[in-house]
Protein chains: 2
Amino acid sequence: MGVIEKVKKSARVAAVPAGALPLDSILMDDCIAAMKALPDACIDAVFADPPYNLQLGGDLNRPDGSHVDAVTDDWDKFDSFAIYDKFTRAWLKEARRILKPTGTLWVIGSYHNIFRVGTAVQDLGFWILNDIVWRKANPMPNFKGTRFTNAHETMIWASMGEKSRYTFNYRAMKTLNDEIQMRSDWELPICAGQERLKKDGHKVHPTQKPEALLYRVLLSSTKPGDVVLDPFFGTGTTGAVAKRLGRRFIGIEREPAYVEAAQERIEAALPLDESNLQIMQAGKAAPRVAFGTLVETGYLQPGTMLCDTKRRWKASVRADGSLVLADGQAGSIHKMGATLQGAPSCNGWTFWHYEAADGLRPIDAVRQTYLLATQP
Amino acid sequence: MGVIEKVKKSARVAAVPAGALPLDSILMDDCIAAMKALPDACIDAVFADPPYNLQLGGDLNRPDGSHVDAVTDDWDKFDSFAIYDKFTRAWLKEARRILKPTGTLWVIGSYHNIFRVGTAVQDLGFWILNDIVWRKANPMPNFKGTRFTNAHETMIWASMGEKSRYTFNYRAMKTLNDEIQMRSDWELPICAGQERLKKDGHKVHPTQKPEALLYRVLLSSTKPGDVVLDPFFGTGTTGAVAKRLGRRFIGIEREPAYVEAAQERIEAALPLDESNLQIMQAGKAAPRVAFGTLVETGYLQPGTMLCDTKRRWKASVRADGSLVLADGQAGSIHKMGATLQGAPSCNGWTFWHYEAADGLRPIDAVRQTYLLATQP
DNA sequence: CTAAGTCGTGAATCACCCT
DNA sequence: GAGGGTGATTCACGACTTA
């Protein structure tokens, strides 16, 4: 992985021959210029977290008098909706050109910008597949009591056109969600604690996204080995998660400070089967916990071998929370337990065990640990 | 309550003199034509559930072969985004004209249309206050397993402009939500069961909204007696809830079958009695009490010493209701609290305490005592 | 060492009346 | 209309401190 300092302006179009993409690299350049240097139809997925154009007023203080550290960076300032729209359409157009016909687009935003982005997405011919709501488990309150707590952000997921094929790993999502179809609203905590990149005690990037969000995005709509491009790379959450999930990435970021932080972070990221317990907090635990959540949040690592109490059968945990047997069969913890026993159903939580220091323990114990850690 | 069959086209503008609005009526007409007949700035809130522009390709069947009664009515077909945009801007422009400067706009939609609506709302000068996500507790599953379960709809809430005043019943919303600020995501069941209007076993309207949704909308952003207009009245959920909550309504609906169903339904709806409505206005209802009043009326004696919770700072109450510090500085309870803490502002009512028999008590407690003694 | 308490902070379009 | 004074207002979580 390396940083490509600046793409030559004179050689933008097809500067990079197909098959020789700058994979797993960060291009330090303007996003439109950098995309122009890539060939047509070479990317499987674009994830974009563009400036939101927040249009904030004066300072804001909490009831206790402390000051809110808001997003005041120059990159989020636009003089008018017209200028913002022009910018949006320009980068979307390039994203569309470099996407394969089977590729998909993800864009995240808030009410400040998402309607303008969505309109542009539709006007350019993309076909919206879902709008996904990221429900923040711990949003900042509305301190003055003037509105509803702004507790969510919106993602748009779109294919190249109405008739286009695209990747949707339905089974992976359903398994991750304990055998219930994944819905269009995802509850996840904001990026904080250990995961939040800091330098000299200050956050490196004002709007770093949680890895759990990108985990679900990439797992749902890309295949291993797919190339994911992020034109607003920031501190590289997309890259770190792509690496963990065995996807390739191309990041574009203009700010050297962000590039440096992203570089360091991605180098430290471990592909899934080697990664240690990651502190990737899940949402406020529901009464029900999906097995996939334990994997997503690092309580169980992909690759862990499970077996029944008498060690007659074995299975390996996959990244989406499914199990794979020795013969290649795969499915949920419940389904695989039932299949092996020839039973109509099976409670996977008590059937499957993992090897602990003091012997076999049911995976339900991990669920209990998770609940204890996340319940109030 | 009556149905005004058709507003004369020749007398649209100001046909209804201000003060003589067709309150608690359904106008059976095209929504733009009917709005044109209303005077400027006469409406407190507009709630709109416009056609969604769903472009379903053919019929949709469940895996068992049964038919899904989707939105296939003629009014829901638009040839292109351009036509839809034109229609959207036309009705929004009229809605804006008839809204008071202090009024607010609500629009509900799905990913098919909400981005276009939101862009139009912003372009016309409305100022978005929140986007609200209605999380459906029981959404229809995605039968084909090709996408995420579409489990929510989006509402846009906007004031007339960036600097416009508007109504937000913060206390009512907080009370409704168990004393925690109401968030921008609302979990509510879809409209089904007894509430769902049916005729001959078939639903009367394809997209009837639950009353709980309108209850929250109207309770949060209107006052008793306010006039609410719904340009896409359908089967009249807005009217039924407005009646229950002591608000006035004007509904516009073109389809005679819907008008008839709405008429019947609203006549059967029962208004809440006034005492309930009073309770829901609580908080705002409490009249402001000046600190000086408490001194004036003998609830606090001049010369009383006040301090903060940790007794770090002290001040003495003067006869005019100001505080004086040890160093001679004097001012209001708020200003002195802010000065001492070096904070931009301070709520003196909760900052300052007096010595009671059982320890320190905030001066706000004195205010409560005063209110209880003097309120009817 | 544990438990309880304190403090800091996060994509935020964040007041209103009277003169 | 601008400016100044009054007064209303926060949730969840992680890190750190104190008992």
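Just so we're on the same page: letters track the sequence lines, and every chain starts at 1.
- Here the nucleotide nearest the side chain of R165(B), chosen from dA12(C), dT13(C), dC17(C), is dC17(C).
- Here Q181(B) pairs with T149(A), Y170(B) under the side-chain hydrogen bond (donor to acceptor under 3.5 Å, both in side chains) rule; sequence neighbours left out.
- Within the structure, the salt bridge (Lys or Arg N to Asp or Glu O under 4.0 Å) test picks out the following pairs touching residues 49-67 of chain A (sequence neighbours left out): D49(A)-K209(A).
- Proximity of the aromatic rings of W106(A) and W157(A) is defined here by a centroid distance below 6.0 angstrom, and this criterion is met.
- Between R135(A) and H152(A) the shortest heavy-atom distance is CA-CB, 4.3 Å.
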Handout entry: Dot-bracket line, read 5' to 3' along DNA chain C, where crossing pairs take [ ] and | marks a partner on another strand, Watson-Crick or G-U under 3.5 Å
Key = .|||||||||....|||||

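- Annotation: cation-pi pair R244(A)/Y215(A) absent, no NZ/CZ under 6.0 Å from the ring centroid and within 45° of its normal.
- In this structure, R116(A) is positioned above the aromatic face of F81(A), its NZ or CZ under 6.0 Å from the six-membered ring centre and within 45° of the axis.
- In this structure, NE2 of H67(A) is placed 14 Å from C1' of dG10(C), rounded to the nearest angstrom.
- Of the residues in residues 123-133 of chain B, those lying under 4.0 Å from DNA chain C by heavy-atom distance are W127(B), I128(B).
- Side-chain to base pairing of K209(A) with dA11(C): one donor and one acceptor N or O lie within less than 3.5 Å of each other.
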Between the protein and nucleotides 3-9 of chain D, list every N/O to N/O distance that falls short of 3.5 Å.
residue, atom, partner, partner atom, Å
dA8(D), OP2, W349(B), NE1, 3.3
dA8(D), OP2, R367(B), NH1, 3.2
dA8(D), N6, C346(B), O, 3.3
dT9(D), O3', Y170(B), OH, 3.3
dT9(D), O2, F143(A), O, 3.4
dT9(D), O4, N347(B), N, 3.4

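- With sequence neighbours excluded, no residue forms a side-chain hydrogen bond (donor to acceptor under 3.5 Å, both in side chains) with T154(A).
- If you check dA11(C), dA12(C), dC14(C) against the side chain of R147(A), the one that comes closest is dC14(C).
- Nucleotides dT13(C) and dA8(D) place their P atoms 23 Å apart, quoted to the nearest Å.
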